[in-house]
Student: 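For reference, the structure I am asking about is given below.
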Amino acid sequence: MSRKRLAAMMGGQDCHAEIAFADDITWLARFRLARTTSPPLKVRDLILRSEVPTMTYLQEHTSIPSPRVFD
């Protein structure tokens, strides 16, 4: 994998990877990175837990595109 492609996958606290299935469905997997500058684990968990209801609300009450959460 090229450095440019790898850099495109990296975010501030996450690494993103596309998973392409044989039926042309593509998922975006997000992996949380742990760094010395990361907030404490409890805070990171709270942030992630707040994102799920936000995305669910957007899907149910707006037409704003948002990812579906599977886990």
Side-chain angles (χ1 to χ4, degrees):
M1 179 176 298
S2 72
R3 281 186 188 260
K4 185 177 181 180
R5 177 77 175 125
L6 185 59
M9 293 171 56
M10 303 301 284
Q13 294 184 25
D14 304 310
C15 176
H16 301 91
E18 285 188 356
I19 302 171
F21 294 92
D23 58 359
D24 291 328
I25 299 293
T26 302
W27 286 6
L28 178 64
R30 184 172 86 176
F31 303 95
R32 183 67 54 158
L33 301 174
R35 297 184 173 157
T36 56
T37 57
S38 296
L41 182 58
K42 237 180 201 180
V43 174
R44 288 182 297 191
D45 286 346
L46 288 172
I47 292 169
L48 184 60
R49 289 176 196 272
S50 74
E51 292 174 353
V52 173
T54 301
M55 287 187 261
T56 303
Y57 179 88
L58 290 173
Q59 292 165 11
E60 293 175 357
H61 301 286
T62 74
S63 59
I64 299 170
S66 62
R68 284 185 27 211
V69 178
F70 291 96
D71 189 25

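Below, each value reflects all heavy atoms present in this structure, side chains not excepted, and no hydrogens, waters or symmetry copies.
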Student: How long is the gap from OG1 on Thr26 to CG on Asp24, to the nearest 0.5 Å?
Tutor: 7.5 Å

Student: Which heavy-atom pair separates Met55 from Ser66 by the least distance, and what is that distance?
Tutor: O-OG, 3.5 Å

Student: Would Arg30 and Glu51 count as a side chain to side chain contact (heavy atoms under 4.5 Å, CB included) here? Give the steps.
Tutor: CA-CA 12 Å; Arg30 184 172 86 176; Glu51 292 174 353; 2.5 Å; yes

Student: Can you tell me if Glu18 uses its side chain to pair, donor with acceptor, with the backbone of Ala29 under 3.5 Å?
Tutor: no

Student: What are the two closest heavy atoms between Thr54 and Ser50, and how far apart are they?
Tutor: OG1-O, 2.9 Å

Student: Atom CG of Leu28 and atom CD1 of Ile19: how far apart are they, to the nearest 0.5 Å?
Tutor: 8.5 Å

